[in-house]
Number of protein chains: 2
Amino acid sequence: MATPVESAPTKQRILDSTAAQFMRHGYTGTGLKQIVAAANAPFGSLYHHFPGGKQALGVEVIHRSGAMYGDLVMSVFDAAPDLLTGVHDCFEGAAAVLVATDYADACPIETVALEVASSNEPLRVATAEVFESWIVSASARFRAAGLDDSTARELAIAFISLLEGAFILCRASRTTEALEAAGRTAAVVVEAALRDAGVS
Amino acid sequence: MATPVESAPTKQRILDSTAAQFMRHGYTGTGLKQIVAAANAPFGSLYHHFPGGKQALGVEVIHRSGAMYGDLVMSVFDAAPDLLTGVHDCFEGAAAVLVATDYADACPIETVALEVASSNEPLRVATAEVFESWIVSASARFRAAGLDDSTARELAIAFISLLEGAFILCRASRTTEALEAAGRTAAVVVEAALRDAGVS
DNA sequence: GTCTATACTTTGATAGAC
DNA sequence: GTCTATCAAAGTATAGAC
């Protein structure tokens with residue numbers, strides 16, 4: 001995902017390169033020239049595959065990266081023996097990736113989401129769609145554990161908020177303290193909800 | 001804070017203008033020409049007051065905005081009758097500001113923090129210092145309520161993470177749902193901690 | 001579809017008159 | 001301290017040969 005594969009088609013290399021740079025430098029901080037350079041693609045190919053220019057490329061990358069990251073998180077839940085362990089593993093896994101990438105790879109769309117929220121409506125909508133899809137996916141996990149719809153959705157939002165917020169603190173401080181604290185907090189909240197619902 | 005006062009000194013108008021634009025468009029998305037234009041200041045004045053250029057201006061704005069926002073949050077705690085109400089009021093007040101500013105004014109440094117985390121070390125350090133000062137301030141409130149040091153710090157980090165993460169979801173979706181969910185979650189966690197400590 | 005060259009705009013930054 | 005003019009570089013986007 002971070003390193004474009006040499007043999008992949010040009011369009012895919014451009015998408016991968018853009019996704020990697022958005023995560024590190026954001027939307028306005030990533031130049032089209034840097035994108036094609038890292039993708040080993042000629043400049044003209046970018047506008048051939050994305051006639052809509054930087055904005056169209058951005059929308060596609062947000063949807064793509066968002067879907068991939070959502071799948072990644074859901075696979076962590078799948079691999080865990082129970083919900084509580086799954087929640088814990090998400091934060092622990094995120095911290096491990098952060099350390100392994102020198103605090104560069106956190107959420108693939110949060111930086112872009114904040115940058116475009118008040119200045120680029122198509123991109124803002126794209127990030128909103130991704131976040132909503134994550135909320136829906138996570139809610140399904142909480143419902144499957146026996147929680148009612150509104151509790152499940154509220155927990156899903158709290159789970160994602162804790163993860164995204166901790167990412168900011170961790171990348172700024174270059175420590176994993178926030179993800180550890182947020183992970184324990186998420187576990188406490190989920191455990192309390194399960195207890196209240198009588199399914200624990 | 002958002003609208004530079006006409007009568008304020010030039011340097012202060014530049015700082016206010018920069019703070020307002022950083023919140024909406026981020027660091028790379030804010031041009032120096034836009035800053036002086038919104039500040040009603042000539043271009044040369046910027047480099048007269050900030051010989052270090054955009055980066056030096058950015059560092060000063062981060063520290064200034066960070067201190068002001070930290071004070072604002074602490075004043076909400078001061079005005080509340082108890083800790084739990086204070087926590088609740090922070091999320092409710094943040095949601096009100098978000099709606100009043102058309103989902104533009106959330107945290108003054110989170111967008112910049114993510115943008116510069118992997119590309120501009122002096123700015124990254126500035127954002128880290130601000131976040132740490134907030135953690136220390138919030139921890140003091142939790143300790144004052146009777147919690148031990150490590151619990152207080154963990155709750156402070158969770159509190160800030162929930163707030164920052166919810167800001168992202170709210171600005172992207174243009175709804176206050178996430179701040180409401182995160183606020184209720186924060187209250188649940190703090191209440192549980194107080195109960196566990198036997199001070200509730 | 002691939003690739004090069006270039007147009008046009010905006011960026012951060014500087015020089016120097018007042 | 002204020003203000004204007006200008007620089008070199010980087011930004012997005014386009015034209016057109018191959």
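Residue numbers begin at 1 in each chain, while the letters A, B, ... track the order of the sequences. FYI, side chains are in, hydrogens and waters are out, and symmetry mates aren't considered; it's all heavy atoms of this structure.
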Check: Of all of residues 26-35 of chain A, which get a heavy atom below 4.0 angstrom from DNA chain D, listed by number?
Finding: Thr30(A), Gly31(A), Leu32(A), Lys33(A), Gln34(A)
Note to self: For Phe142(B) and Phe159(B), take the angle between the two ring planes, folded into 0 to 90°, and tell me which bin it lands in: parallel under 30, tilted 30 to 60, perpendicular over 60.
What the structure shows: perpendicular
Notebook entry, point to check: In residues 46-63 of chain B, what residues come within less than 4.0 Å of DNA chain D, judged by heavy atoms?
Noted result: His48(B), His49(B)
Next item on the list: Check whether any side-chain heavy atom of Glu110(B) lies under 4.5 Å from a side-chain heavy atom of Glu164(A), and answer yes or no.
Entry: no
Next item on the list: State, to 0.1 Å, how close Leu98(B) and Ala106(B) come at their nearest heavy-atom pair, and which atoms those are.
Entry: CD1-CB, 3.8 Å
Can you give me every donor-acceptor pair (side chain of residues 47-54 of chain A, partner residue at least two apart or in another chain, under 3.5 Å) with its distance?
from: Lys54(A); atom 1: NZ; to: Tyr27(A); atom 2: O; distance (Å): 2.9
from: Lys54(A); atom 1: NZ; to: Thr30(A); atom 2: O; distance (Å): 3.0

Next item on the list: In whole angstrom, give the distance that lies between atom NZ of Lys11(B) and atom C1' of dT2(D).
Entry: 16 Å
Check: Closest approach of Val130(A) and Ile62(A), non-hydrogen atoms and distance?
Finding: CG2-O, 3.6 Å
Less than 3.5 Å apart, which donor and acceptor atoms pair up between the side chains of residues 72-81 of chain A and the rest of the protein, not counting sequence neighbours?
from: Ser75(A); atom 1: OG; to: Leu72(A); atom 2: O; distance (Å): 2.6
from: Asp78(A); atom 1: OD1; to: Arg141(A); atom 2: NH1; distance (Å): 2.7
from: Asp78(A); atom 1: OD1; to: Arg141(A); atom 2: NH2; distance (Å): 3.2

Next item on the list: Apply the test side chain to side chain contact (heavy atoms under 4.5 Å, CB included) to residues Phe131(A) and Ile109(A): give CA-CA distance (whole Å), side-chain angles for both, the deciding distance (0.1 Å), then the verdict.
Entry: CA-CA 9 Å; Phe131(A) 285 134; Ile109(A) 72 164; 3.9 Å; yes
Notebook entry, point to check: Does Thr10(A) put a side-chain nitrogen or oxygen below 4.0 Å from OP1 or OP2 of dG1(C)?
Noted result: no
Note to self: Among residues at least two apart in sequence or on other chains, which ones pass salt bridge (Lys or Arg N to Asp or Glu O under 4.0 Å) with Glu177(A)?
What the structure shows: Arg153(B)
Note to self: dG1(C), OP1 or OP2 - any side-chain N/O from Ser45(A) closer than 4.0 Å?
What the structure shows: no
What protein N or O atoms touch nucleotides 15-18 of chain C N or O atoms at under 3.5 angstrom, if any, and at what distances?
none

Notebook entry, point to check: Do Arg24(B) and Asp105(B) sit within salt-bridge range, that is, some charged N less than 4.0 Å from a carboxylate O?
Noted result: yes
Notebook entry, point to check: In whole angstroms, how far is the C1' atom of dG12(C) from the CG atom of Leu123(B)?
Noted result: 14 Å
Checklist line | Side chains of Ile168(B) and Ile168(A) in contact at under 4.5 Å (non-hydrogen atoms) | finding: yes
